[in-house]
Protein chains: 2
Amino acid sequence: MNKAGKAPTMKDVAREAGVALGTVSKVFNSIPVGESYKIKVEEAAKRLGYRVNSYARGLRADKTYTVALILPSLDNPFFALLADHICVALTKHNYRMVLAITKADPHAEARCIRMIEQNMADGVIGLTYAADLDVNENLPYVSIDRFIGPNIPCISSDNFGGGQMAAEKLVSLGCKKPLFLRIGSDVPGETDKRGAGFVTYCQMNGIEYAAQRFSDWQGIESVYKFLDEHCHRGKLDYDGIFCSTDLFAYHVKKHLESIGVCVPEDVQLIGFDGLKRPETDEFYCSTIVQPIQQIAETAVYILLHGASEQFPGFMSLPVSYAPGGTTRE
Amino acid sequence: MNKAGKAPTMKDVAREAGVALGTVSKVFNSIPVGESYKIKVEEAAKRLGYRVNSYARGLRADKTYTVALILPSLDNPFFALLADHICVALTKHNYRMVLAITKADPHAEARCIRMIEQNMADGVIGLTYAADLDVNENLPYVSIDRFIGPNIPCISSDNFGGGQMAAEKLVSLGCKKPLFLRIGSDVPGETDKRGAGFVTYCQMNGIEYAAQRFSDWQGIESVYKFLDEHCHRGKLDYDGIFCSTDLFAYHVKKHLESIGVCVPEDVQLIGFDGLKRPETDEFYCSTIVQPIQQIAETAVYILLHGASEQFPGFMSLPVSYAPGGTTRE
């Protein structure tokens, strides 16, 4: 309480600390001041029992210290890990994370973006598949895995390089006729470059290859049908397969085994993501590993500090290969 | 813009809609009014381009429409699913969810609770293992899986009933000497009742049983050592094991197989959680299934509406048994 018997104000804190009001404001808004000033203000605030009113702070500094993360769901382990790392990275920067899960709701993304317009968040990190995404280019927005527009930073793994790496690995492990298989959304995204990288490597190196793309609405059965049609007396037409994700590779492996094709003896398989089984912490398959933590930390950094020469608005972060039992190495 | 050329206010909306200012306030604060009034206000707001200022709303109605969820992490699939369902349930109630991940940080929970004191959230849903949890009983807080105090609602699965169910199932499937195994935190919690339910069933029914509890700091190796010591010439001293979680059951199964004990032929295993493999959507093991969605929706309902006769402050939600390959049924 101050002398008037009311809750203490920033002015009271400034008087108690013997510093200017602006200094108190800077400390409470996490704007750098000299360490001795910071300590003086914090000690005075503690003595007086002063509590920062976050609304007042939000209004005054035009900041909410809140970032919204838009994800399709948390039941995919890749999304859950990404959310985990983004939340931890934001906390380190003294930001909190509002999580918005879109599921199949086409209005969920628009709702999130309206939330920022209503001053409820300072920015958005979004990983979305909505076909009609309408991002106001003046809003702080960082996109993951999808290029939205030249003024919207986009962070992803090096999908193209990962596709090249998978093709090169299969070839170096002896594959003569590798295949690229993909199933996913019809909305174009950065992850489409996985196949492009694979195809480019094969073309540049004169490798005979095939590439087959399926849409989610066609279902995994259409992939199985394709494999069945290319399997003659227990022998597949291809001796290596690069699958667009790890969980997809898992299903392809199971189906191949069900029709008598052995992995990795007859066909070698490489997935993409680097997911680990929750029960054993082992990879599901040989895989191109995404740097999930680095994607999270880079997205947070660019959202909070803006793109720069060191952190350009379009970043593809390096991936790596990890053997996981579905290749000969 | 209103006539004075400024952004429209609630007063402008009331005039445009031909309703009282209080009616407009109710609509924007989600307080029920007649449907025709609601439509009038919403249409007037749309015509004027009025945007709710969430800060003003937060201050005026003393509400932020924000709930904080405190979880240890998202890398455990149970926590990720719980967060997914809580987020969706809050969205349905027009609330947004701030996610706080505590990891090993003992101060993270205190920080969250301070956030509410600073008016940044209307309440908290917490699933925490911090030993020194200090919850102000006047704060809206709903605890999951841990009883904190008589005035803090606590939602969990029926852990005791689930333990009884596991014992009854093992016995009905022919087990003569069942064992309960547990590894986990030293902090007491509702999940401790899994073992208590198991033991109680065995005692009440004159079943010879054993129960062995390990702490996280002892490590899974201490469990393996215990199993090795109770295995003689390929035969375990027990013919059924109830494990405190599914992922733990998975490790117990792998270890038993590594020392020549077959599951479910020699030993039947039941876990707890009802987790499914991300790659196949199958259970990891025969299991007591937690109603994760119902836990999430009940926690949200009680936080927003308070406990009542229908929704008392301490709820154990019904679990069910599902076979998953580690029992004879």
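Throughout, protein chains are lettered first and strands after them, A, B, ... in sequence-line order, and every chain is numbered starting at 1.
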With only heavy atoms counted, which part of A:P77 is less than 4.5 Å from chain B, the side chain, the backbone, both or neither?
side chain

If I take atom NZ from residue B:K103 and atom CG from residue A:D84, how far apart are they, to the nearest 0.5 angstrom?
3.5 Å

Working to the nearest 0.5 angstrom, can you tell me the gap between A:D281 CG and B:D75 CG?
9.0 Å

Chain A heavy atoms under 4.5 Å from B:Y284: which part of the residue, side chain, backbone, both or neither?
side chain

Can you tell me which portion of A:S73 sits under 4.5 Å from chain B's heavy atoms? Options are side chain, backbone, both or neither.
both

Applying the side-chain hydrogen bond (donor to acceptor under 3.5 Å, both in side chains) test to A:E279, which of B:H251, B:R277, B:K254 qualifies?
B:R277

For A:L74, is it the side chain, the backbone, both, or neither that has a heavy atom closer than 4.5 Å to a heavy atom of chain B?
both

Grab the two heavy atoms, one from B:C87 and one from A:A100, that are nearest each other, plus how far apart they are.
SG-CA, 4.3 Å

With rounding to the nearest 0.5 Å, note down the distance linking CD1 in B:I86 to CG in A:L99.
11.0 Å

